[in-house]
Amino acid sequence: MAPINVTDINENKAYVPAKKALPEVETESANGNEKCKGYSYETLLETANFLLSRITIQPRIGIICGSGMGSYWNEGSLAESIQDGVCIPYEDIPNFPVSTVEGHHGRLVFGKIEGAPVVAMQGRFHYYEGYPLWKCCLPVRVMKLIGVKTLIATNAAGGLNPDYKIGDLMIVKDHINMMGFAGNNPLHGPNDERFGPRFPPMNKAYNYEHRKIAKEVAKELNINNMVREGVYTCLGGPNFETVAELKMLKMVGVDAVGMSTVHEVITARHCDMKVFGLSLITNECVTSYDHDMEANHEEVLDVGRMRQDILRKYVSRLVDRFSQIEPESP
Ligand SMILES: O=P(O)(O)O[C@H]1O[C@H](CO)[C@@H](O)[C@H]1O
């Protein structure tokens, strides 16, 4: 099969260079003490073309595996449901960061789920690892350039809604971009219109049709008693939250708390990808001072392990259904 390249995929539009190319863009970040450097469209095209030269499928669906959901030590994990997988370690991919967190393997897996071509990130990048938000989200733009139309962003999160139990799944209905309130946004800096507009709307961030399908599929699999729908927020981490912080988040309508996803979703919506978000509730957010429990990453990974079967079945069925509403070829 002839190698695929980015221009074949992106609506067969011939590649037109920007009037003024934005190579490596450097700006001061909002807090003024950190350089904010974004990769140009051309740099990411190189990354996309590198990946396309190594694969023979054209994924239309991209999956980001949350903490503990994509590891191969996790036999039967979400990432393992991918058949005929071609794995490309992040360190082999030009311009890619590397994963540093336990439970995040650090590679892209290209293959099929229920016959639908997908690419999965077995390991995501977090702000607390020292990566600026634009770099955490770089793989989302690369996914876009290789032809991905729908992003499934999964994560592990603490349950703040008192009705949620450990092990529940939460379909993300909306998010609150807490870091954005302080001016930290993955789209901060010069905008390249080839990715998307300067001022993207965000009121339909999580696709309505996909959420509807996810609720139907939960019923079909008879897991609707553990599938919720709610609002997610991301804090910078790496520390878990104080009681006062959690109380405040609860007051403003947050149902689940994590340290990822929001910026990935903003980046995906900016370049017009459809988004489905799914949180696995791995721990209870403690909002009282006389509670013995303390949040910890081991528990987060354990619950990922405990729920891997259900997650795998659920996400596989979702991929199947989402791929039916996404045309095969560009
Ligand atoms: O959001 P993911 O990557 O699933 O992981 C969540 O779990 C880790 C904390 O245990 C944090 O990285 C938090 O963001």
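Predicted model, so just to flag it, every value in this text is computed and none were measured. In each ligand, atom 1 is the first atom listed, and ligand 1 is the first ligand listed.
Contact shell of ligand 1 (protein heavy atoms, cutoff 4.0 Å): G66, S67, H104, R124, H126, Y128, N155, A156, F240, M259, S260, H297, V300.
Judged as a ring pair (Phe, Tyr, Trp, His ring centres under 6.0 Å), not a single pair has a partner in residues 135-162 (not counting sequence neighbours). Pairs passing the ring pair (Phe, Tyr, Trp, His ring centres under 6.0 Å) check and including a residue from residues 248-282, sequence neighbours excluded, read F276-F322.
With sequence neighbours excluded, no residue forms a side chain to side chain donor-acceptor pair (under 3.5 Å) with N225.
A salt bridge is absent between D320 and R317: the closest approach of a Lys/Arg side-chain nitrogen to an acidic carboxylate oxygen does not fall below 4.0 angstrom.
Side-chain rings of H297 and F240 stay apart, their centers remaining 6.0 Å or farther from each other.
In summary, of the residues considered (D163, N161, D168), a side-chain hydrogen bond (donor to acceptor under 3.5 Å, both in side chains) with R228 occurs for D168 alone.
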